[in-house]
Amino acid sequence: MAIKQILTVPNPVLKQVSRSVEVVTDETRALMDDMLETMYDAPGIGLAAIQIGVPLRIIVMDLAETDATPEPKCFINPEILDDVEELRLWEEGCLSVPDFYEEVERPRRVKLRYLDYHGKEIVEWAEDMYATCIQHEMDHLNGVLFIDHLSRLKRQRAIKKVQKAEREAETDE
Ligand code: NI
């Protein structure tokens with residue numbers, strides 16, 4: 001396993017549309033292992049493959065409480081089959097937009113279909129935090145970031161903040 005570099009805005013790779021995984025192999029599982037290690041190291045609760053520069057429709061997530069036993073989940077080729085009208089407002093963040101948080105509204109429940117770590121098909125409803133997180137991550141697969149749901153002004157402010165922090169980190173080295 002290896003910790004990969006997480007791409008940050010405004011890297012154009014993050015705007016790419018990822019392609020479906022055709023067969024789940026040991027190579028796919030090695031990628032998911034790296035993604036989980038990278039996510040835990042960050043630390044974060046969700047990561048899409050494109051965030052480490054791999055344009056495949058793969059997501060990893062762990063919504064367990066900080067000190068609880070880890071509950072890693074992997075999603076290959078996830079699709080939303082259904083959702084509800086009720087919305088949930090949540091202050092989101094993203095490892096590709098470090099230290100920036102804003103509220104985004106998304107459906108409170110979504111019905112998902114995906115392949116798990118072993119390539120087994122799962123159909124289930126996700127709700128609340130799980131629903132918010134999977135919709136955020138699935139946006140990444142289509143080149144959409146949570147800041148794309150905000151006003152242009154807030155989006156530009158977010159990108160400038162990330163760029164400024166990165167410049168300062170470089171100066172410190
Ligand atoms: Ni994100």
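Ligands are counted one by one from 1 in listed order, and the atoms in each one are counted from 1 as well.
- Excluding water, every protein N/O/S atom under 2.8 Å from the Ni ion (ligand 1) is given here by residue and atom: Cys94 SG, His136 NE2, His140 NE2.
- Contact check on Glu124 versus Lys73 returns a salt bridge, with a Lys/Arg side-chain nitrogen under 4.0 Å from an Asp/Glu carboxylate oxygen.
- For Ser18, there are no side-chain hydrogen bond (donor to acceptor under 3.5 Å, both in side chains) partners at least two apart in sequence or on another chain.
- The closest side-chain donor-acceptor pair between Arg19 and Asn77, if any, does not fall under 3.5 angstrom.
- Looking at residues two or more places apart in sequence or on another chain, you find a side-chain hydrogen bond (donor to acceptor under 3.5 Å, both in side chains) between His140 and His136.
- Within the structure, ring pair (Phe, Tyr, Trp, His ring centres under 6.0 Å) pairs that include any residue of residues 101-130 comprise Phe75-Tyr114 (at least two apart or interchain).
- Lys154 has no carboxylate O lying under 4.0 Å from a charged side-chain N of Asp148, or vice versa, which leaves the two without a salt bridge.
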